J.: 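Handing you this structure, nothing more for now.
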Amino acid sequence: MEYDFRSIEQKWKSYWKENNVYKVTNDSSKPKYYVLDMFPYPSGAGLHVGHPLGYIASDIFARYKRLKGFNVLHPMGFDAFGLPAEQYAIETGQHPAKTTEQNAERYRQQLDNIGFCYDWSREIKTSDPHYYKWTQWIFLQLFHSWYDKKLQKARPIKELIALFEKEGNSMLPCAADATFCFDAKAWKSWTDQEKREALMHYRLAYLGYADVWWCEDLGTVLANDEVVNGVSERGGFPVERRRMRQWFLRITDYADRLLEGLEGLEWTEAMKEMQRNWIGKSAGAEVRFDIQDLYGKHITVFTTRPDTIFGVDFIVLAPEHEMVDLITTEDQRSAVEDYKKYVKSRSERERMSEVKQVTGRFTGAYAIHPIAHRVIPIYISEYVLVGYGTGAIMAVPSGDSRDHAFAKHFDIPITNIFGNLYNGQEAYTGKEGKLDNSGFLNGIEIKKAAQVAIRAIEDADAGRAKINYRLRDAGFSRQRYWGEPFPVVYVNDVPYAIDEQALPLKEEQRELPVKLPMVETYKPSLTGEGPLANIPSWVNVPTATGTGRRETSTMPGYAGSSWYFLRYMDPHNEKTFASRKATDYWQEVDLYIGGTEHAVGHLLYSRMWTKVLYDLGHIGFDEPFKKLINQGMIQGSSRYVYRLRGTNEYVSYGLKDKMATDELRVDVNIVDGLELDIEAFKKWRPEFADADFILEDGKYFCGAGIEKMSKSKYNVVNPDDIVAQYGADTFRMYEMFLGPIDVSKPWDTKGIEGVHRFLKKMWRLFFDEKGWIVNDEAATPEELRVLHKTIKKIGEDIE
RNA sequence: GCCCUGGUGGCGAAAUUGGUAGACGCGCAGGACUUAAAAUCCUGUUGGCAGCAAUGUCAGUGCGGGUUCAAGUCCCGCCUGGGGCACCA
C-alpha cells in the first residue's frame with residue numbers, strides 16, 4: 001500500500017470541519033493556553049510559502065499544548081483595513097470591501113489546505129462593523145481619559161474635571177505646554193469651549209496640529225515614505241509641509257511603563273532593544289540660558305552631559321526654533337532668513353545623506369552662561385532638530401564631535417575642560433578621567449560630575465534634572481477612506497465624542513458603530529480632507545443646535561490590530577469588546593508569533609492600548625504578549641537565463657561568460673533545480689516561443705540568486721502546489737526543517753524529497769503492501785523504552 | 001558612528017545547565033534490486049598521518065589569547081555576515 005497522503009489528508013480535513021474539532025470553549029476546567037499568529041493583511045497576491053512558516057510553528061505548538069491537556073485558544077482573522085485595498089479601488093473602481101472579502105476567502109482556503117487547527121468560529125475581520133464598533137469604542141475610552149503622572153495610570157476625564165474645579169492644574173502640569181497654568185477660579189470662569197480646549201491638552205486621544213506633506217497636484221496628504229527627494233513618489237509633483245489638525249494618541253505618557261514592562265517579557269533581546277531605542281529615554285538636564293540685552297527672555301536647552309557645563313562655548317538652535325526671529329539682530333537677519341529658506345528646501349533625505357557637512361548661521365545674539373557667567377554666541381543649524389528635546393543645545397566642542405566640527409568651521413574658540421584628554425584635533429567623547437578648567441567641578445571624575453552639576457544648576461535656579469524621550473505621540477488620523485471612521489462630530493469647529501451629552505444629538509445617532517458609508521470616489525477632497533468629506537449626506541449631522549459635521553479622516557491601520565487579540569476571546573459579544581469573564585479566563589497571549597517588521601509599530605501600540613484598558617479596569621492584565629517569537633523570512637531563490645544581447649538566443653549558465661548576455665529572471669516553477677524546462681519556457685511568454693538555446697551536455701542550466709520572494713521576481717512558490725505534490729504534512733515538516741525558525745533562509749524545493757521519504761518510512765512502520773500491520777501484541781520492555789524516550793525528546797524539542 | 005545578532009563539513013543545519021562536535025536531511029561516491037531506467041533499500045562521506053584491513057592517532061566549531069579536569073558553549077581583544085537606529089544633544 002502506498003502512502004496516499006491525498007486521501008488521508010482529505011479525510012481528516014473533512015472530519016475536522018464536520019465535527020468542529022477545533023472549536024474552543026471559554027468554559028473549561030483545563031488550564032488555558034493562548035497561541036496567536038500575527039493576522040495577515042489579505043493582499044491580492046495570495047499566500048506564498050514564506051507566510052505559513054510562523055503559522056506552522058504556532059500550529060504545532062497549539063496542537064502540542066492541546067495534547068498536553070491545555071484548553072488552547074488558537075484563532076485566525078484578517079487585518080482588513082489598509083491602503084493597498086484602497087489603491088486597488090482607485091484603479092479598478094471595485095469596492096475595497098468586496099476585494100478584501102475575496103482575498104480573505106482565498107487566504108482561508110490556502111490556510112485550510114495546509115491543515116491548521118484554527119477555531120474559525122472565532123474569525124474576525126477588522127473591517128467588519130461588528131468589530132470596528134469596538135475599535136471606535138476604545139477610541140472613546142482614550143478620548144475620555146487622561147494620564148495621572150503621580151499614580152502612573154489612566155483615569156476618567158471626569159475625575160480630572162473635578163480636580164480642576166478644586167485646584168486648577170497647578171499639580172498637574174500640562175505635558176505639551178508647561179507654561180499653560182490656571183487655577184480653580186480661572187477654570188470656573190471659562191466657557192464650555194475654553195474648558196474643552198484645556199481638556200484637549202490632557203486627553204489620551206487628542207486633537208493637535210502636525211506638519212504633514214501636502215501635494216497640491218495630487219490633492220492629497222502623503223506619508224513620509226511617499227515623498228522622495230522633495231517630490232511625490234507618484235507623479236513627481238512638488239510637495240510642501242502643511243500644518244493640519246490631526247488626532248494623536250498620547251503614547252508618550254506611557255513611555256516609562258512601556259520601557260519597564262519590557263523587563264518581564266520573553267521577547268528576543270533584539271526586539272526589546274528596538275522598542276527601547278524607539279522610546280529613546282535619556283537622562284540629563286534642562287538648562288536655561290538668559291539672552292543678553294533681552295531682559296526676561298531665555299533659551300532652554302536639553303543636555304545629557306550636564307557635567308560638561310563649563311565647556312559650553314556657544315548655543316545652537318534649530319532653524320525652526322520659535323526664538324530665532326526674536327533674537328536675530330538686524331545685520332544678521334537676511335543671512336538667517338536665507339539659511340531658513342535653504343533648510344526648508346531640503347528634504348529629509350538630503351539632510352540625512354549629507355550628515356558630515358557643517359552648515360549654520362550666527363544670529364548676532366549672545367547668551368549668558370548661567371554658572372560661569374560668560375557671554376557666548378547663539379547660532380542656528382540644521383543639525384539641531386526641532387522635534388527632539390527643546391530644539392536647542394548647549395554646544396561643548398571639546399566634548400562632542402559635532403559641536404567640535406561646528407566650532408572649527410566657524411572659528412569659535414574652544415574651551416578645553418578635559419586637560420590632556422582633549423588633543424585639540426578631535427572632541428573627547430569618553431567618560432573616563434577627571435574634569436579640568438571647570439570651576440567647582442575641577443578634579444571630579446566625569447562620571448560623578450553630572451550629579452554635582454545638576455545640583456549647582458538647580459541651586460542657581462537655571463534648570464533642573466530632566467528625562468527626555470525620543471518617542472513622539474502617535475498620529476492617529478489618515479486622510480483615507482478604507483479605515484475606521486471616528487465617532488466624533490464637530491459643532492462650530494469644536495470636537496465632541498458622539499456619546500457626550502454636551503453634544504445635542506438624537507439618541508440613535510449616538511450609537512456605535514459609526515458606519516463607513518459607500519462612496520462614489522475614493523479620491524481625497526480638494527481641501528486635503530479624506531474622501532469621506534465628499535459625502536455631504538454622511539458628513540452633516542443634524543443636532544438640536546444646528547448642523548454638526550463628522551470627522552472625515554479615518555483611523556490608521558494599527559487601530560484595529562492594537563486590540564484584536566482581545567476580541568478572539570469573545571468574538572460575538574454585542575454588549576462589550578470582550579466580557580471580563582472571557583478576558584480573565586484567557587488573560588494575555590502566551591505565545592505570539594510574527595515578523596520583526598512590527599517591532600515598533602503594532603507591538604508598541606498594542607502594549608499601550610492594553611495598558612490603557614487595564615488602567616480603566618476593563619481587563620486584568622497590562623501586557624498583551626508574554627512570549628514573542630519572530631519567524632525569519634523565507635527568501636526566494638530566483639533563477640536566471642542569459643540572452644545573447646540583441647537576439648532571442650539563450651546561453652546556458654556555464655558558457656555565458658564567454659559572450660555578451662543580458663540576465664533575465666525566469667519563473668522558478670519551470671526550472672527543475674537548475675535545469676530549465678525548455679518547452680515550458682517557450683510556452684511561458686509569447687516572446688520566448690521561438691527562442692533558441694546554446695546548451696551544455698544537452699541541457700540548459702540557469703543561474704541562481706537569493707532575494708526576497710515576490711511576484712515581480714518570478715520566484716514565488718505557492719504552498720498549494722507543494723501540498724498538491726507532497727501533501728500538507730511534508731510541507732509543514734519541511735518548513736520546520738529548513739532551519740531555525742527565527743532566521744531568514746531561502747526556499748529550496750530540492751530538500752523536500754528527503755522529508756517526504758521520511759514520512760513514507762514512517763508510514764511503512766504501520767502499513768505494508770497488504771495494509772495495516774499493527775497488532776495487539778504487547779510491546780517488549782525494550783520497545784516501550786524507545787517509545788517513551790522518543791516522546792520525551794519530542795516534548796522537550798517542541799518547548 | 002551606536003545598538004542587537006550570528007560565524008560549526010561540499011550544502012541546510014544539530015549539539016539541554018561547560019561533558020563523545022557534526023544528529024537529521026541535501027548533495028556526492030559505491031553497492032543491492034532491474035534487460036535497463038525511475039522509485040526503493042543498504043554502505044560510506046571533516047581533514048592529516050599510519051595500516052591490506054578492522055582500526056589507531058593527531059588536528060579541527062571565524063582569528064589571537066585566557067579561565068577550567070573538561071570550552072562550539074564562559075571571559076578579553078580582533079576579523080566578518082545579517083538586522084535595527086542614526087546630526088537624538
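Predicted model, so just to flag it, every value in this text is computed and none were measured. Residue numbering restarts at 1 for every chain, and letters A, B, ... go by the order of the sequence lines.
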J.: Can you check the distance between rA21(B) and rU61(B), where both ends of the measurement are the C1' atom (answer in whole Å)?
T.: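 It works out to 7 Å between them.
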J.: If you define the side chain from C-beta out and look only at heavy atoms, does anything of Val668(A) sit under 4.5 Å from Trp747(A)?
T.: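 No; the side chains remain at least 4.5 Å from each other.
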J.: Can you measure Tyr726(A) atom OH to rC26(B) atom P for me and round it to whole angstrom units?
T.: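 From Tyr726(A) OH to rC26(B) P: 12 Å.
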J.: Can you confirm whether Lys340(A) sits close enough to Thr328(A) that some side-chain heavy atom of one is under 4.5 Å from a side-chain heavy atom of the other?
T.: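 When only atoms from C-beta onward are counted, Thr328(A) and Lys340(A) do not touch, as no gap falls below 4.5 Å.
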J.: Is the distance between the ring centroids of Phe410(A) and Phe362(A) less than 6.0 Å?
T.: no
J.: Give the rounded distance in Å between these two atoms: CD of Glu273(A) and P of rC4(B).
T.: 6 Å
J.: Both Val755(A) and Pro746(A) contact RNA chain B. Which one's nearest nucleotide lies toward the 5' end?
T.: Pro746(A)
J.: Can you tell me the distance, in whole Å, between the CZ atom of Phe737(A) and the P atom of rA23(B)?
T.: 12 Å
J.: Compare side-chain N and O positions of Arg276(A) against OP1 and OP2 of rC4(B) and report whether any pair is under 4.0 Å apart.
T.: no
J.: Does a side-chain N or O from Arg470(A) land closer than 4.0 Å to OP1 or OP2 of rA86(B), or not?
T.: yes
J.: Check whether any side-chain heavy atom of Tyr469(A) sits under 4.5 Å from a side-chain heavy atom of Lys281(A), and report yes or no.
T.: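 With C-beta onward as the side chain, the pair touches.
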J.: Starting the side chain at C-beta, find the nucleotide from rC4(B), rA89(B), rG84(B) nearest to Thr304(A).
T.: rA89(B)
J.: For His409(A) and Tyr379(A), I'd like to know if the aromatic rings sit close, meaning centre-to-centre distance below 6.0 Å.
T.: no
J.: For the side chain of Lys761(A), counting heavy atoms from C-beta on, which of rC4(B), rC41(B), rC87(B) is nearest?
T.: rC41(B)
J.: Between Tyr558(A) and His598(A) (judged by ring centroids, cut-off 6.0 Å), do the two rings come close enough to count as a pair?
T.: no
J.: Take atom NZ of Lys760(A) and atom P of rC41(B), then tell me their distance rounded to the nearest Å.
T.: 8 Å
J.: Which is more 5' along RNA chain B, the nucleotide nearest Met271(A) or the one nearest Arg757(A)? Just name the residue.
T.: Met271(A)
J.: Rounded off to whole Å, could you give me the CG-to-P distance for the Asp307(A) and rA89(B) pair?
T.: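 It is 13 Å, rounded to the nearest whole Å.
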J.: What's the spacing between Arg757(A) CZ and Thr730(A) OG1 if we round to 0.5 Å?
T.: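 It comes to 11.5 Å.
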J.: Quote, to the nearest angstrom, the C1' distance that separates rG51(B) from rG56(B).
T.: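 The same atom, C1', in both gives a distance of 9 Å.
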J.: Between rU20(B) and rU46(B), how far is it from one C1' atom to the other, in whole Å?
T.: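 Roughly 16 Å separates the two C1' atoms.
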J.: Taking atom P of rC24(B) as reference, at what distance in whole Å does atom CZ of Phe758(A) sit?
T.: 11 Å
J.: Could you tell me the separation between the NE2 atom of His51(A) and the NE2 atom of His48(A), rounded to the nearest 0.5 Å?
T.: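 Here the rounded value is 4.0 Å.
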J.: Where does RNA chain B pair, written as one dot-bracket string 5' to 3', with Watson-Crick or G-U pairs under 3.5 Å, ( ) inside the strand, [ ] for crossing pairs and | for another strand?
T.: (((((((..(((......[....)))((((((.......))))))(((((....)))))..(((((..]....))))))))))))....
J.: Determine the Euclidean distance between corresponding P atoms of rA13(B) and rC26(B); express it in Å to zero decimal places.
T.: 16 Å
J.: Taking syn as any angle within 90 degrees of 0 and anti as the rest, which one fits rG77(B)?
T.: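 Anti, which is what one calls it when the glycosidic angle falls more than 90° from 0.
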J.: Using atom CE of Met733(A) as one end and atom C1' of rG12(B) as the other, report the distance to the nearest whole Å.
T.: 15 Å
J.: Send over the distance from Met633(A) CE to rG83(B) P, rounded to a whole Å.
T.: 8 Å
